[in-house]
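Read the structure below first, then the notes.
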Amino acid sequence: ERRRRAAAASSGPGRTADGHPVRLMVNLGAPHELAAAAKADSEGVGLFRTEFLYLDRASAPGAEEQREAYRQVFEAFAGRRVVVRTLDAGADKPLPFATAADEPNPALGVRGLRTAVRHPGLLDTQLAAVAEAARSTGADVWVMAPMVSVPAEARAFAERARAHGLPTVGAMVEVPAAALRAGQLAEVCDFLSIGTNDLAQYAFAADRMLGSLAELLDPWQPALLELVRQTAEAGAAHGRPVGVCGEAAADPLLAQVLTGLGVTSLSAAPGCLPAVRAALATRTLEECRTLAGLALAAPDAVAARTAVAEAAGGTV
Ligand code: PEP
Ligand code: MG
């Protein structure tokens with residue numbers, strides 16, 4: 001009970017009961033979210049979705065407009081880290097100037113980083129704007145690419161970002177192939193960030209927009225957790241941080257499991273962080289590993305959650 005009360009009152013950097021650090025960061029997706037995101041007790045932005053700049057318009061935003069938008073975010077997070085996710089166009093976020101209208105399966109089409117191959121200018125303009133905004137502010141700016149499938153894509157992205165003067169470059173792990181080759185991704189970039197929303201969609205061949213498939217898309221699915229485990233282990237073997245920035249990071253009980261799987265940061269909506277921080281503070285790293293083992297061994301998502309909740313003693 002004492003441990004629980006201390007956890008409820010906890011603030012500052014995320015850590016387990018025995019002091020193992022887990023960075024707690026916020027997801028940011030639109031300018032109107034900035035004030036609340038910056039005010040939240042966090043170590044920065046773990047996922048800055050930049051699509052808002054591009055959606056609902058006929059042509060891409062210019063360099064100056066982008067620079068100004070990024071500058072506002074970086075200034076609000078001066079002294080903290082901001083992980084910028086480059087444009088994730090296509091699939092559920094089609095753009096008239098970047099997305100082909102005739103793809104039979106847009107979720108399997110030219111989306112995310114794949115767009116940059118067809119439209120290299122889009123990515124270069126964005127990287128230049130991010131780099132320039134970063135130079136004039138005090139934030140620790142990292143960049144990462146969405147929808148990386150093979151190491152060569154991550155290498156090419158890292159080269160381009162570094163050429164623009166952005167030193168810390170990552171790959172999102174949202175495709176099962178990327179999780180299975182996470183070690184090779186970790187060799188060519190500085191960090192990995194797992195997008196559990198898309199990783200679940202592609203691992204289970206289940207459209208993330210379909211509510212009727214929610215069971216398959218449940219982040220407690222042991223097969224999804226296994227992909228997280230492999231990614232975290234590969235990152236650790238290469239000394240690279242591995243974050244989770246999909247919806248899974250917002251669940252306090254699952255946060256303990258993810259920590260036990262080796263994830264080093266969690267990024268979620270600002271309002272979710274206090275409960276995640278409190279949950280982590282009640283558990284040692286070894287206890288998190290035990291919970292992770294229970295989840296991995298379960299036959300399905302409901303059984304995984306039930307087993308972990310029972311072992312956790314109903315404290316979250
Ligand atoms: C994800 O896929 O989990 C993710 C964080 O990216 P988005 O939800 O923006 O696709
Ligand atoms: Mg995604």
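The shown structure was predicted, so the numbers you read here are calculated from the model rather than taken from an experiment. Positions are given from 1, in the same order as the sequence printed here.
Closest of all the heavy-atom pairs between A301 and P222 is N-CD, 3.8 Å. A69 and L53 make their closest contact through CB-CD2, 3.8 Å (heavy atoms, listed as atom of the first residue, atom of the second, distance). The minimum heavy-atom distance between A107 and Q201, with the atom names listed, is CB-NE2, 4.2 Å. Residues A139 and V82 share a closest heavy-atom pair of CB-CG2, 4.1 Å. Contact between A250 and V276 at its shortest, heavy atoms only, is O-CG2, 3.8 Å. Across P151 and L185, no two heavy atoms sit closer than the pair CA-CD2, 3.6 Å.
Look at R71 and E132 and you find no salt bridge, because none of the NZ, NE, NH1 or NH2 atoms lies under 4.0 Å from a carboxylate O. Checked for salt-bridge contact, D124 and R160 meet the test: a charged N lies under 4.0 Å from a carboxylate O.
Neither V83 nor L24 shares a network with the other; the hydrophobic side chains, linked directly or stepwise wherever heavy atoms of I, L, V, M, F, W or Y lie under 4.5 Å apart, form separate groups for each. Tracing side-chain contacts under 4.5 Å through hydrophobic residues (I, L, V, M, F, W, Y), one reaches F52 starting from L55; they form part of the same cluster. The hydrophobic clustering, which links ILVMFWY residues whose side-chain heavy atoms are closer than 4.5 Å, places M172 and F204 apart. Using a 4.5 Å cut-off between side-chain heavy atoms of Ile, Leu, Val, Met, Phe, Trp and Tyr, with links allowed through other members, L258 and V173 fall into the same hydrophobic cluster. Taken together through direct or relayed side-chain contacts under 4.5 Å among Ile, Leu, Val, Met, Phe, Trp and Tyr, V308 and L224 form part of one hydrophobic cluster.
A donor-acceptor contact shorter than 3.5 Å links the side chain of E287 to the backbone of T284. Here the side chain of Q221 pairs a donor or acceptor atom with the backbone of E215 at under 3.5 angstrom. Side chain of N105 to main chain of L108: no donor-acceptor pair is present (N/O by atom type, distance under 3.5 Å, no hydrogens or angles). Within the 3.5 Å criterion, the main-chain N or O of V110 finds a donor-acceptor partner in the side chain of E103. In this structure, the side chain of E33 does not engage the main chain of L28 through any donor-acceptor pair within 3.5 Å. The backbone N or O of L180 sits nowhere less than 3.5 Å from a side-chain atom of Q230 that would complete a donor-acceptor pair. Panel note: side chain Y54, backbone S59; no donor-acceptor pair is recorded below 3.5 Å. S42 places no side-chain N or O within donor-acceptor distance of the main-chain N or O of A38, the cut-off being under 3.5 Å. Under a 3.5 Å cut-off, the side chain of T125 and the backbone N or O of L122 do not form any donor-acceptor pair.
Side-chain atoms of R229 and V263, non-hydrogen and from C-beta on, never get closer than 4.5 Å to each other. Residues R283 and L291 are in side-chain contact: their nearest non-hydrogen atoms beyond the backbone lie under 4.5 Å apart. Side-chain atoms of W220 and V257, non-hydrogen and from C-beta on, do get closer than 4.5 Å to each other. By the 4.5 Å heavy-atom criterion applied to side chains, E43 and F77 are not counted as neighbours. Looking only at side-chain heavy atoms (C-beta outward), R85 and E51 come within less than 4.5 Å of each other. The closest side-chain heavy-atom distance from V141 to V84 is below 4.5 Å. Residues V45 and S267 form no side-chain contact, since every pair of their non-hydrogen atoms from C-beta on lies 4.5 Å or further apart. For the pair H20 and V22, the minimum side-chain heavy-atom distance is below 4.5 Å.
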Please assess R162 against V169 for the test side-chain contact (heavy atoms from CB on, under 4.5 Å), listing each intermediate value before the final yes or no. CA-CA 8 Å; R162 290 187 185 121; V169 189; 3.9 Å; yes
Checking R114 against D88 for the salt bridge (charged side-chain N to carboxylate O under 4.0 Å, His left out) test, could you report, in this order, the C-alpha distance in whole Å, the side-chain angles of both residues, the deciding distance, and whether it holds? CA-CA 9 Å; R114 298 170 187 178; D88 187 19; over 6 Å; no
Salt bridge (charged side-chain N to carboxylate O under 4.0 Å, His left out) assessment of R305 paired with D300: CA-CA 9 Å; R305 189 176 207 293; D300 58 55; over 6 Å; no
Start with the C-alpha distance between R277 and D41, add both sets of side-chain angles, then the distance that settles salt bridge (charged side-chain N to carboxylate O under 4.0 Å, His left out), and finish with yes or no. CA-CA 10 Å; R277 177 182 290 107; D41 183 1; 3.6 Å; yes
Derivation of the side chain to side chain donor-acceptor pair (under 3.5 Å) call for T50 and Q126: CA-CA 10 Å; T50 56; Q126 183 171 31; 2.9 Å; yes
For E159 and R155: C-alpha separation, side-chain torsions, deciding distance, then whether salt bridge (charged side-chain N to carboxylate O under 4.0 Å, His left out) applies. CA-CA 6 Å; E159 279 169 7; R155 185 188 304 113; 5.2 Å; no
Go through the steps for D140 and R80 under the test side-chain contact (heavy atoms from CB on, under 4.5 Å), then give the verdict. CA-CA 6 Å; D140 174 23; R80 290 187 277 180; over 6 Å; no
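Here the straight-line distance linking atom CG of L123 with atom CG of L113 works out to 7.0 Å at 0.5 Å rounding. Note that CG of L266 is 9.0 Å distant from CG of L254, once rounded to the nearest 0.5 Å. Between the SG atom in C288 and the CG atom in L280 there is a gap of 6.0 Å [rounded to 0.5 Å]. Taking NE2 of H238 as the start and CG of D190 as the end, the distance is 13.0 Å to the nearest 0.5 Å. The OG1 atom of T99 sits 10.5 Å away from atom CZ of R118, with the distance rounded to the nearest 0.5 Å. Separating the OG1 atom in T306 from the CG atom in L294 is a distance of 11.5 Å, to the nearest 0.5 Å.
Residue R240 places its CZ atom among more than 12 non-hydrogen atoms of other residues, nucleotides or ligands, all under 6.0 Å distant. Surrounding CD of E68 are more than 12 heavy atoms belonging to other residues, nucleotides or ligands, all under 6.0 Å away. More than 12 heavy atoms of other residues, nucleotides or ligands sit less than 6.0 Å from atom CZ of R57.
With L261 as reference, V228 is the one residue of T231, V242, V228 to meet the side-chain contact (heavy atoms from CB on, under 4.5 Å) rule.
Ring-plane geometry between Y70 and F48 is classed as perpendicular, the angle between the planes exceeding 60 degrees on a 0 to 90 degree scale with a lower cut at 30.
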